[in-house]
Protein chains: 2
Amino acid sequence: MAKRLVDSLREAGYRLTAPRLAIIKVLEAETGHLSPAEVLEKGRAFYPALSRATVYRTLDLLTKLGLLRPIYLGEGNLCFIYPREGHHHLICSKCGMVVDFDECIAAPLGQALSERFGFRIESHLLEFYGLCENCQKDEQKQAGGD
Amino acid sequence: MAKRLVDSLREAGYRLTAPRLAIIKVLEAETGHLSPAEVLEKGRAFYPALSRATVYRTLDLLTKLGLLRPIYLGEGNLCFIYPREGHHHLICSKCGMVVDFDECIAAPLGQALSERFGFRIESHLLEFYGLCENCQKDEQKQAGGD
DNA sequence: TTATAATTGAGACAGAATCTCAATATTAAA
DNA sequence: TTTAATATTGAGATTCTGTCTCAATTATAA
């Protein structure tokens, strides 16, 4: 299971290099969301000469292989996640707070779509947008006082 | 229905300006996904002096009001969509092709999450990632010939 | 019509992402 | 184990994205 990224890279015919391994270690150690800048910074703990270009190239490559998922969590933050079982989000569209949750009910729909469009579906993402408890309260205060 | 964005802006106490109207026209005319750069370019057809800063400000504002949804479709493209009923995606992680579809089965789950986390859910996003038909074929060719 | 305050555009700025190319390292085959 | 072919890399230049400031403009309510 910790081998998934490495194995998939090799199976797809790509070389296994020290910079790529460093990036993969970072991705597998992190359970949440990582921006390219974070991957670069943490990756340098494993391979100090790691360059920004390589981080972007590797993130793109893993995404194209379906091993990583780009995701935009608002507030100018592009992140990548290494998808495990049902990793999904509840996002406050006002303050940007993110809550993770696990349940997912999308698998049967995925099956149907797969047949209709000829896609081979590898993963999915489910996100709910709304207002968190705090921002709802703020809203009420504003409505009353202002 | 074409009035939704304009009305919501006014109801929330924001002014209705020519630059904002131009941006809203662009959003409502487009059924797909728009990057800020595209909004700027197309918006200038309606209001030539439109500035980049205003595009970002307005996109942020509409997002904070829950009227727009930021979404990242891979390949470095942050986009915004004006959510209609169940506007969801099937994304090819290799070539980036996007297929839209409508069915959605997330509403009951949203209800449950709403109660558990105290969120007021306003919209949601469901995306499936995988390989489109063409990229699956390419993959087979490569496996065979190379 | 006017006063007020929200909103704007321009351009400076910071940071993110991309590109190029010579140098390096992985891999498969000898 | 050595070698040759070539995928991959880092550095830095470059371009693009998104943010910020501030004086000028404009929508709005009175």
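Throughout, a chain's letter reflects where its sequence line sits, starting with A, and its residues are numbered from 1.
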State whether B:Arg20 places a side-chain N or O below 4.0 Å from either non-bridging phosphate oxygen (OP1 or OP2) of C:dT7.
-> yes

For A:Ile24 and D:dT8, what is the distance between atoms CD1 and P respectively, to the nearest whole Å?
-> 12 Å

B:Ser51 side chain N/O closer than 4.0 Å to the phosphate oxygens (OP1, OP2) of C:dT8?
-> no

May I ask you to check whether over 12 heavy atoms, not counting those of A:Tyr14, lie within 6.0 Å of atom OH?
-> no

Spacing between A:Leu50 atom CG and C:dT24 atom C1', to the nearest angstrom | 15 Å

Name the closest nucleotide to the B:Arg52 side chain, picking from D:dC20, C:dG9, C:dA12.
-> C:dA12

Rounded to the nearest angstrom, tell me the gap between atom OH in A:Tyr47 and atom P in D:dA11.
-> 9 Å

Quiz item: B:Arg57 side-chain donor-acceptor pair to C:dT7 base, under 3.5 Å | no

Which whole-number value in Å describes the distance from B:Asp60 CG to C:dA6 P?
-> 18 Å

Walking DNA chain D from its 5' end, the first of B:Ala37 and B:Arg15 to be reached, judged by nearest nucleotide, is B:Ala37

5' precedence on DNA chain D between B:Tyr56 and B:Leu16 (nearest-nucleotide basis) | B:Tyr56

From A:Arg44, A:Lys42, A:Glu38, residue fulfilling side chain to side chain contact (heavy atoms under 4.5 Å, CB included) relative to A:Val26 | A:Lys42

Under the 3.5 angstrom rule, does the side chain of B:Ser114 hit a backbone N or O of B:Ile121 as a donor-acceptor pair?
-> no

Closest-nucleotide ordering on DNA chain C, the 5'-leading residue of B:Tyr14 and B:Arg44 | B:Tyr14

Which part of the nucleic acid does B:Ala49 contact within heavy-atom distance under 4.0 Å: base, sugar-phosphate only, or nothing?
-> sugar-phosphate

Nearest-neighbour nucleotide for the B:Thr17 side chain, C:dG11, C:dT7, D:dG18 considered | C:dT7

Atom-pair distance (CG on A:Leu40; P on C:dT18), nearest Å = 14 Å

Fit a plane to each ring of B:His124 and B:His88, take the angle between them on a 0 to 90° scale, and name the class: parallel (under 30°), tilted (30 to 60°) or perpendicular (over 60°).
-> parallel

Do B:Thr58 and B:Leu62 come within less than 4.5 Å of each other through their side chains, counting heavy atoms only?
-> yes

Calculate the interatomic distance between B:Arg10 atom CZ and C:dT7 atom C1'; express it in whole Å.
-> 14 Å

Check the distance between D:dG10's C1' and A:Ile23's CD1 and give it to me in whole angstrom.
-> 12 Å

